[in-house]
*Asks:* 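Sharing a structure below in structure tokens format, with a few things to ask.
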Amino acid sequence: MQITILLAAGGSTRIRPINKIFYRIKRRPLLLYTILVFEKHPQIQKTILVARESDFPKIISLVKKYNLKKLAIIIEGGKKRQDSAFNGLKAAAEIGAKKGDLILFHNGANPLVSPEEI
């Protein structure tokens, strides 16, 4: 299985008051563009989104509105990026990742990744 862990639990300290993952580009939140890159990639089976708990309602709304099928779970991030990454790895085990599976980490606020890079 090939899983993406999108890290989107940061504090957006340079862009306040809005969380940069919800900054609108062509009337859609930035995070959606990032999710869609992995949603459309044929080799990615599941995506785990690590986010701030306070953002869960907005993210769940996006999942429903855009019928995102590969987003398997949304989990809470940690105090630091490394803690968020570790939470993502634990969630990967919960959704069925096994030894030998490929797990890709990506920054949720960076939608400009090509299928070839993935």
Side-chain angles (χ1 to χ4, degrees):
M1 181 166 25
Q2 296 183 27
I3 299 169
T4 300
I5 298 174
L6 292 178
L7 299 170
S12 293
T13 56
R14 294 183 301 266
I15 302 186
R16 290 188 183 186
I18 188 169
N19 183 343
K20 66 185 164 203
I21 65 171
F22 296 113
Y23 187 81
R24 297 231 173 241
I25 299 171
K26 293 187 177 184
R27 293 180 280 174
R28 291 180 168 182
L30 177 70
L31 179 63
L32 178 64
Y33 292 99
T34 306
I35 293 171
L36 288 175
V37 170
F38 295 94
E39 182 82 14
K40 294 175 182 177
H41 198 284
Q43 292 177 301
I44 301 296
Q45 283 85 35
K46 295 182 181 183
T47 298
I48 296 166
L49 181 60
V50 184
R52 295 187 295 198
E53 188 174 20
S54 60
D55 292 334
F56 284 15
K58 287 181 181 179
I59 294 167
I60 291 167
S61 177
L62 282 177
V63 171
K64 290 178 182 177
K65 183 175 182 178
Y66 294 97
N67 197 27
L68 302 172
K69 300 288 186 194
K70 292 184 182 180
L71 188 55
I73 189 170
I74 305 165
I75 61 162
E76 187 174 7
K79 281 182 115 175
K80 298 179 180 178
R81 187 175 188 86
Q82 66 194 33
D83 301 319
S84 294
F86 185 65
N87 290 352
L89 286 173
K90 289 190 291 187
E94 292 173 18
I95 64 168
K98 302 207 178 349
K99 185 176 182 177
D101 287 349
L102 179 66
I103 298 177
L104 168 72
F105 286 90
H106 188 75
N107 185 336
N110 293 340
L112 300 177
V113 59
S114 71
E116 294 78 24
E117 289 173 309
I118 296 170

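Side chains are part of it too, since the values below use all heavy atoms of this structure and drop only hydrogens, waters and symmetry mates. One is the number of the first residue; the rest follow in order along the sequence.
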*Asks:* Can you list the residues that meet the side-chain contact (heavy atoms from CB on, under 4.5 Å) rule with S114, with sequence neighbours excluded?
*Replies:*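 With sequence neighbours excluded, S114 shows a side-chain contact (heavy atoms from CB on, under 4.5 Å) to E116, E117, given in chain and number order.
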*Asks:* Identify the two heavy atoms, one from P57 and one from S54, that lie closest to each other, and give their separation to 0.1 Å.
*Replies:*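 Minimum heavy-atom separation between P57 and S54: CD-O, 3.6 Å.
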*Asks:* Taking only residues at least two apart or on different chains, which pairs with a member in residues 94-118 satisfy ring-ring contact (aromatic ring centres under 6.0 Å, His included)?
*Replies:*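 Those involving residues 94-118 are F38-H106.
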*Asks:* Backbone N or O of Q2 within a donor-acceptor pair of the Q45 side chain at under 3.5 Å?
*Replies:*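 Yes; at least one donor-acceptor contact below 3.5 Å.
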*Asks:* Same cluster or not: are V113 and I103 linked, directly or through other Ile, Leu, Val, Met, Phe, Trp or Tyr residues, by side-chain heavy atoms under 4.5 angstrom apart?
*Replies:*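 Per the 4.5 Å side-chain linkage, V113 and I103 are not co-clustered.
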*Asks:* Decide yes or no on side-chain contact (heavy atoms from CB on, under 4.5 Å) for L6 and T47, but give the supporting numbers first.
*Replies:* CA-CA 7 Å; L6 292 178; T47 298; 3.8 Å; yes
*Asks:* Answer yes when D55 and R52 have at least one side-chain N-carboxylate O distance shorter than 4.0 Å, and no when they do not.
*Replies:*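 R52 and D55: salt-bridged.
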*Asks:* Under 4.5 Å between side-chain heavy atoms, counting indirect links through other Ile/Leu/Val/Met/Phe/Trp/Tyr residues: same cluster for I74 and I5 or not?
*Replies:*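 Different clusters.
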*Asks:* Please tell me whether V50 and L104 are part of a single hydrophobic cluster in this structure, the criterion being side-chain heavy atoms less than 4.5 Å apart.
*Replies:*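 No; L104 is not reachable from V50 via cluster members.
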*Asks:* Would you say I48 ends up clustered with I59 if hydrophobic residues are merged whenever their side chains have heavy atoms under 4.5 Å apart, either directly or through other cluster members?
*Replies:*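 No.
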*Asks:* Clusters formed by hydrophobic residues whose side-chain heavy atoms approach within less than 4.5 Å: which one holds L112, and what are its other members?
*Replies:*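 For L112, no cluster forms, as it stays isolated from other hydrophobic side chains.
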*Asks:* Do you know which two heavy atoms are closest between L30 and P111, and how far apart they sit?
*Replies:*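 Closest approach of L30 to P111: CD1-CG, 3.4 Å.
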*Asks:* Give the other cluster members for L102, using side-chain heavy-atom distances under 4.5 Å between Ile, Leu, Val, Met, Phe, Trp and Tyr residues; answer none if it is isolated.
*Replies:*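 Via sub-4.5 Å side-chain contacts, L102 links to none.
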*Asks:* Check A109 against I21 and note the closest heavy-atom contact, atom names and distance.
*Replies:*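 For A109 and I21, the tightest heavy-atom pair comes out as CB-CG2, 4.3 Å.
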*Asks:* Under 3.5 Å, which donor-acceptor pairs link side chains of residues 76-97 to any protein atom two or more places apart or in another chain?
*Replies:*
from, atom 1, to, atom 2, distance (Å)
D83, OD2, K80, N, 3.1
S84, OG, G78, N, 2.9
N87, ND2, E76, O, 3.0

*Asks:* Hey, can you pull the donor-acceptor pairs under 3.5 Å for the side chains in residues 60-73, sequence neighbours left out?
*Replies:*
from, atom 1, to, atom 2, distance (Å)
N67, OD1, K69, NZ, 3.1
K70, NZ, E39, O, 3.1
K70, NZ, H41, O, 2.5
K70, NZ, I44, O, 2.7

*Asks:* Can you pull out every side-chain hydrogen bond (donor to acceptor under 3.5 Å, both in side chains) where at least one residue sits in residues 28-37? Sequence neighbours excluded, please.
*Replies:*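 Residue pairs passing side-chain hydrogen bond (donor to acceptor under 3.5 Å, both in side chains), neighbours aside: none found.
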